[in-house]
Peer 1: 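Take a look at this one; I'll ask things after.
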Amino acid sequence: MRQDSGELRLYPDSEALSEAAAGVWTASAARAVAQRGRFTVALSGGSTPRRLYELLAIPKWQERTDWANCHVFWGDERMVAPTHPDSNFRLAQNSLLANVPIPEDQVHPIPYSDNGPAAAIVYQRCLIDFFGLSAGERPRFDLMLQGLGSDGHTASLFPGFSTLNEREKLAVGSPPGTLAPQVPRVTLTLPVLNAARVVLFLVAGADKATVLRRVLAGDQELPAGRVQPTDGELLWFVDAAAAADLKVTSPSRLIPSPHVGEG
Ligand code: 6PG
């Protein structure tokens with residue numbers, strides 16, 4: 001059964017997609033600070049968001065984020081040292097955080113451990129304390145950045161893993177998925193992803209074309225297909241290569257368009 005998968009916006013390439021994503025970031029940040037005095041964002045990892053992070057650090061964009069009221073978290077992390085090339089923290093630190101005036105105590109990395117579940121418990125406590133959560137409450141991030149793996153995973157929620165069905169915990173440890181890097185992970189759980197005010201998927205490259213079509217056609221076997229904000233906006237920013245298998249009726253309209261996802 002098809003479901004509303006939010007709004008799709010097509011961009012000619014990754015650079016245009018990243019520029020547009022920077023616009024969503026700065027707009028979300030300005031709205032959050034104006035309404036609540038702070039902006040909370042969960043970063044995604046992998047390679048796609050690198051250009052966005054670099055752009056946010058250049059003067060044109062840097063000046064549009066109130067870094068003094070910005071709080072950065074991660075949607076997932078690989079259990080490797082924070083200096084390891086596969087670290088999602090390292091990606092953001094080198095491309096963004098080291099180059100903007102964000103107070104160090106407003107950067108909340110997922111702790112590295114060779115015991116993923118233990119690290120998840122520490123991270124969950126960090127979320128509970130920061131957001132002042134009561135039992136059963138979930139943190140509501142202003143912006144949740146998401147990527148899409150070619151197997152349909154997002155964050156470190158992998159197809160067929162029991163972590164996908166976790167409804168109580170805010171963060172969990174996960175064994176490696178089938179895609180590199182095959183290391184243990186810590187990930188936010190689906191209810192936390194779906195609690196966000198804005199979920200922004202960034203998808204670029206021809207290798208994502210097949211899986212993107214399946215996700216947007218509502219394939220619930222794929223974790224990314226289960227990201228449906230309960231009271232938030234869902235945006236899919238994709239480049240032309242990743243959109244190659246889609247037949248969308250217009251650049252900014254998606255499902256329940258009858259044309260999306262047809263072979
Ligand atoms: C991770 C990411 C993951 C990523 C996708 C896409 O830690 O692996 O958070 O969810 O977003 O795998 O990765 P690419 O952008 O490298 O294609």
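Any value given below was found using the heavy atoms of this structure, including those in side chains, with hydrogens, waters and symmetry copies removed. In each ligand, atom 1 is the first atom listed, and ligand 1 is the first ligand listed. The residues of the chain are indexed from 1 along the displayed sequence.
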Peer 1: Tell me the contacting part of N88 for ligand 1: side chain, backbone, both, or neither, using a 4.0 Å heavy-atom threshold, strictly below.
Peer 2: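 For N88, only side-chain atoms sit under 4.0 Å from ligand 1.
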
Peer 1: Polar-atom distance check: S156 versus ligand 1, any N or O pair below 3.5 Å?
Peer 2: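 The answer is no, given that S156 and ligand 1 share no N or O pair closer than 3.5 Å.
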
Peer 1: Is D239 salt-bridged to K208, going by a charged N under 4.0 Å from an acidic O?
Peer 2: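 Not counted as a salt bridge, because no side-chain N and carboxylate O are separated by less than 4.0 Å.
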
Peer 1: Would you kindly check if the NZ (Lys) or CZ (Arg) of R51 is within the cone defined by 45 degrees around the ring axis of Y11 and under 6.0 Å from the six-membered ring centre?
Peer 2: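 Here R51 fails the 6.0 Å and 45° test against Y11.
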
Peer 1: Given the side-chain rings of F131 and F141, with only the six-membered ring counted for Trp, is the space between their centroids under 6.0 Å?
Peer 2: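 Aromatic pair counts; centres sit under 6.0 Å.
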
Peer 1: Can you tell me which portion of A204 lies within the under-4.0 Å heavy-atom range of ligand 1? Options are side chain, backbone, both, or neither.
Peer 2: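 It is neither; nothing of A204 touches ligand 1.
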
Peer 1: Does ligand 1 have an atom under 4.0 Å from some heavy atom of K208?
Peer 2: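 In this structure, K208 qualifies as a contact of ligand 1 - some heavy atom is under 4.0 Å.
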
Peer 1: Between E77 and R90, does any side-chain N to carboxylate O distance fall below 4.0 Å?
Peer 2: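 Salt bridge between E77 and R90, a charged N being under 4.0 Å from a carboxylate O: no.
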
Peer 1: Looking only at heavy atoms, is any part of T48 under 4.0 Å from ligand 1, and if so is it the side chain, the backbone, or both, or is it neither?
Peer 2: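 Both parts.
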
Peer 1: Polar-atom distance check: A155 versus ligand 1, any N or O pair below 3.5 Å?
Peer 2: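 N/O-N/O distance below 3.5 Å exists for this pair.
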
Peer 1: Are E77 and ligand 1 in contact, using a heavy-atom cut-off of under 4.0 Å?
Peer 2: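 The answer is no, since E77 has no heavy atom less than 4.0 Å from ligand 1.
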
Peer 1: When the ring centroid of F130 is compared with that of F73, is the distance short of 6.0 Å?
Peer 2: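 Close enough - the centres of the two rings lie under 6.0 Å apart.
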
